[in-house]
Amino acid sequence: GPVLVNVCLRLKPAFENRNDKVRANAFTLFGVLLNFGAGNDPFMEQLNLALPALLVHANDEVREVRGAAKLAIRHLVPLMGSQTLVDRFNTKAFDPDILLDYDEFMVNVARELVEFFDVTQQNLLLMSLVSFFRSSWNQIRSNAAILAAYLLYN
């Protein structure tokens, strides 16, 4: 309910915390919270708002952060209702311990997101990604630019 939505809102700034452990734990906690909110519309809205952060941090320079973001994505996509996305993120290439070939992987994810989301959701995703262009981490800026480009291409 409202408490879950409030926790998610307060957790989001920790996704961009300079402390690696805080970022990793924030993504881990978010993944755990996903077990409690299925079917709750305001909560589902928070999932869509968190998705861009999860996607760009799935290729974070820090292994623990990268792994936690990937696991949170694996918890999130079944709630979205797209079997195609579930299958994509449950591949060996997306395993938390494996360094992702981000360009190759995200070109397919972007296509599948464009097919799944309506135009409004696509625009929200793009605008969220644009906010990562100002990230203090070069890798996150790069990830956001790559994913935004692939979304626009599709």
>> Can you tell me how far apart OG1 (T120) and CG (N48) are? Round to the nearest 0.5 Å.
In response: 11.5 Å
>> Quick check against the 3.5 Å criterion: does N35 have a side-chain atom that pairs as donor or acceptor with the backbone of V32?
In response: yes
> Does K70 pair with D60 as a salt bridge, N-O distance under 4.0 Å?
Replying inline: no
> Are V109 and L79 joined in one hydrophobic group, where the rule is that I, L, V, M, F, W and Y side chains link up if heavy atoms are under 4.5 Å apart?
Replying inline: yes
> In terms of ring plane angle, is the pair F105 and F89 parallel, tilted or perpendicular, where the classes change at 30° and 60°?
Replying inline: tilted
> Taking C-beta and beyond as the side chain, do Q122 and L113 meet within less than 4.5 Å on heavy atoms?
Replying inline: no
> Can you check whether L29 reaches L33 side chain to side chain, under 4.5 Å on heavy atoms?
Replying inline: yes
> Would you say R23 and E64 make side-chain contact, with heavy atoms under 4.5 Å?
Replying inline: no
> When you look at F30 and V7, which way does the side chain to side chain contact (heavy atoms under 4.5 Å, CB included) test go after all the steps?
Replying inline: CA-CA 9 Å; F30 187 77; V7 171; over 6 Å; no
> Do R74 and P96 come close enough that some side-chain heavy atom pair is under 4.5 Å?
Replying inline: yes
> Looking at H57 and F132, what are the two nearest heavy atoms and their distance?
Replying inline: NE2-CE2, 4.5 Å
> Should W137 and E16 count as side-chain neighbours, where that means a heavy-atom distance under 4.5 Å?
Replying inline: yes
>> Quick check on side chain to side chain contact (heavy atoms under 4.5 Å, CB included): which of L71, D97, L100, L99 does R66 satisfy it with?
In response: L99
> Run the side chain to side chain contact (heavy atoms under 4.5 Å, CB included) check on R18 and S136 step by step: do they pass?
Replying inline: CA-CA 9 Å; R18 300 205 57 71; S136 58; 2.6 Å; yes
> Do L51 and V130 sit in the same hydrophobic cluster, where Ile, Leu, Val, Met, Phe, Trp and Tyr count as joined when their side-chain heavy atoms come under 4.5 Å apart?
Replying inline: no
> Is the count of non-hydrogen atoms from other residues, nucleotides or ligands lying under 6.0 Å from E104 atom CD greater than 12?
Replying inline: no
> Are any non-hydrogen side-chain atoms of M106 and V56 less than 4.5 angstrom apart?
Replying inline: no
> Looking only at heavy atoms, which two atoms of A148 and F133 are closest? And how far apart?
Replying inline: CB-CZ, 4.1 Å
> What's the spacing between R111 CZ and T84 OG1 if we round to 0.5 Å?
Replying inline: 9.5 Å
> Given the rule that I, L, V, M, F, W and Y join up when any side-chain heavy atoms are under 4.5 Å apart, are M127 and F116 in one cluster?
Replying inline: no
> At what distance, to the nearest 0.5 angstrom, does CG of L85 lie from CE of M80?
Replying inline: 5.0 Å
> Is it true that L76 and V5 fall in one hydrophobic cluster, defined by side-chain heavy atoms closer than 4.5 Å?
Replying inline: yes
> If every non-hydrogen atom of A68 is compared with every non-hydrogen atom of T28, which pair is closest and at what distance?
Replying inline: CB-OG1, 3.5 Å
> Where do F15 and A50 come nearest, in terms of heavy atoms and distance?
Replying inline: CE1-CB, 4.1 Å
> For the atom pair CD (E61) and CG (N143), what is the distance rounded to the nearest 0.5 Å?
Replying inline: 9.0 Å
> Looking only at heavy atoms, which two atoms of A93 and I98 are closest? And how far apart?
Replying inline: O-CG2, 4.1 Å
> Can you name the nearest heavy-atom pair linking F94 to I73, along with the distance?
Replying inline: CZ-CD1, 3.7 Å
>> Could you check whether any side-chain N or O of Q121 sits under 3.5 Å from a backbone N or O of D118, counting only pairs where one atom can act as donor and the other as acceptor?
In response: yes
>> Going by side chain to side chain contact (heavy atoms under 4.5 Å, CB included), P52 matches just one of L129, L126, L124, L147. Which one?
In response: L129
> Ignoring hydrogens and geometry, is there a side-chain-to-backbone donor-acceptor pair from N154 to Y150 under 3.5 Å?
Replying inline: yes
>> Could you see if V22 belongs to whatever hydrophobic cluster contains L11? Use Ile, Leu, Val, Met, Phe, Trp, Tyr and a side-chain cutoff under 4.5 Å.
In response: no
>> Nearest 0.5 Å, please: how far is CG in L55 from CD1 in I146?
In response: 12.5 Å
